[in-house]
Number of protein chains: 2
Amino acid sequence: MSPTKTVTKSANRLSRAVVVDRALELAAAEGLEAVTVRRLATALDVTPMALYWHFRTKDELLDGCADRLLDGVEIPADDGAWPERMRAAMDALVAAIRPHPQVAVLVDRRMLQHPSGLALTEMALGCLAEAGFSTADAAQISWHALATAIVLVTGDQVDDSGTQADEREVELEQKASLLRGLPPDRYPHLLAAVDDMVRCADTERFFDLGVELFVAGIVGTAPKKRRS
Amino acid sequence: MSPTKTVTKSANRLSRAVVVDRALELAAAEGLEAVTVRRLATALDVTPMALYWHFRTKDELLDGCADRLLDGVEIPADDGAWPERMRAAMDALVAAIRPHPQVAVLVDRRMLQHPSGLALTEMALGCLAEAGFSTADAAQISWHALATAIVLVTGDQVDDSGTQADEREVELEQKASLLRGLPPDRYPHLLAAVDDMVRCADTERFFDLGVELFVAGIVGTAPKKRRS
DNA sequence: ACCTGAACACCGTTCAAGT
DNA sequence: ACCTGAACACCGTTCAAGT
């Protein structure tokens, strides 16, 4: 047999890539707060300090994770009407971070450090300029777009501590029954919406609505209105 | 002299209220990650374990901080057209959490646990029902409103670690000069907007634009359009 | 070049005890 | 009722050392 098949030890050689791999696995399995230098090290069968050869600090490691998500961005074609391009840019970002909701928060810091982040931002700023916004407004709206994408992805998910599936279910049910105890005369709408408040029935609709809402907001606020 | 004036020790008696006070001060001064059971204890001139008499866990303490922010909400009058009421609700929330940007993130978990949070949510759901949204959509939009308010407040601020004023300034300048090194042919809009991307010139405009954008999005997406 | 080992200054929290 | 003290199982990171 070739050594690459038997010698798993040497196959387990550390590198930024495999560390990030494991970090993403860990985050997916037990939440971002479980991604600890020490836990990551034991998961990689290595000393905590081994990681510090490949990353200067833990923050740099987390940046690596964020960059990995941004690597997956598929930059959309930059043609067509600006609202459609704006939507395409947001969809591309959302699609890239959706597979890793636990680490989506980290993308914020890397957006202007990563080629894909820069490309999407440039695209957004182009749309917003075309829409007639000042550069100051455009800048704020573009970062708002990023924040919206992140919030959409993270909001759909486990978030509340590293609890998993079943634990989460009882937690949600507690929250629901607490809401159901509210006085019906003062909270009619809330009581009618308890189930919808507590858990999201249709994830796809959730993302669509979120992006739709955002783009509609820009269109509605744009100084130069779009001709039909 | 009366004992209340001289005996500062007994004036320093612990209570949930004074612990939350100090926690908010600490967060304001050095960031949320500086709010540690042990640091908070030394700031209060007390043993770390003293806090555990008043709060079952650190999370409960942080909930206390969030509740404090929500206590400050001024519930707006629930009359007028729904887009105006929606805006009033968002403005009220933003106004309440703006004074404590560092702890704004914590509000998310408490919104449906706190009277003011419930009142604002009920109001928002009422607006959205009037606008013709399904309860499912309304629920998602209302939590999106909350997320937007929080993101607006936290986005304006120190956020990147507990760095303060001057440190932050050099950090921003680094980011800016990095952006200025980009190829001008590929990133024309980005280069034109570097200063606006890196720091927010007009905070008031930032909040207005954020809320405006959100409400406009709802108006633009609403099944029942508003009659002028 | 790549990793280990021991040590440091931190965390949140439990549990038994003091007053 | 309200707080202290010692202890436990964790953190991220530095620094010197191994191979």
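Every heavy atom of this structure was used, including side-chain atoms; hydrogens, water molecules and symmetry mates were not.
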Quiz item: Under 4.5 Å between any side-chain heavy atoms of A/Met197 and B/Thr121, yes or no?
Solution: yes
Quiz prompt | A/Glu173/A/Arg199 ion pair, N-O < 4.0 Å | solution = yes
Quiz item: Just by protein heavy atoms under 4.0 Å, how would nucleotides 6-19 of chain D read 5' to 3' in B, S and -?
Solution: BB---BBBBB----
Quiz item: OP1, OP2 of D/dC3 versus side-chain N and O of B/His54: anything below 4.0 Å?
Solution: yes
Self-check item: Carboxylate-amine/guanidinium contact B/Arg16 B/Glu60, below 4.0 Å
Solution: yes
Quiz item: Within the pair B/Arg13 and D/dA1, is there a side-chain N or O less than 4.0 Å away from OP1 or OP2?
Solution: no
Quiz item: So among A/Leu61, A/Val37, A/Thr47, which one has a side chain to side chain contact (heavy atoms under 4.5 Å, CB included) with A/Tyr52?
Solution: A/Val37
Exercise. Send over the distance from A/Arg16 CZ to C/dC2 P, rounded to a whole Å.
Key: 13 Å
Self-check item: A/Asp195/A/Arg180 ion pair, N-O < 4.0 Å
Solution: yes
Quiz item: Nearest-Å distance, CH2 (B/Trp53) to P (D/dG5)?
Solution: 18 Å
Quiz prompt | Beyond-backbone contact of A/Leu93 with A/Met111, side-chain heavy atoms, under 4.5 angstrom | solution = yes
Quiz prompt | Test side-chain contact (heavy atoms from CB on, under 4.5 Å) applied to A/Phe214 and A/Met86, step by step | solution = CA-CA 10 Å; A/Phe214 186 78; A/Met86 189 73 201; 4.1 Å; yes
Self-check item: Under the 3.5 Å Watson-Crick or G-U criterion, the dot-bracket string of DNA chain D, with | for inter-strand pairs
Solution: ||.|||||...|||||.||
Quiz prompt | Carboxylate-amine/guanidinium proximity below 4.0 Å for A/Lys175 and A/Glu169 | solution = no
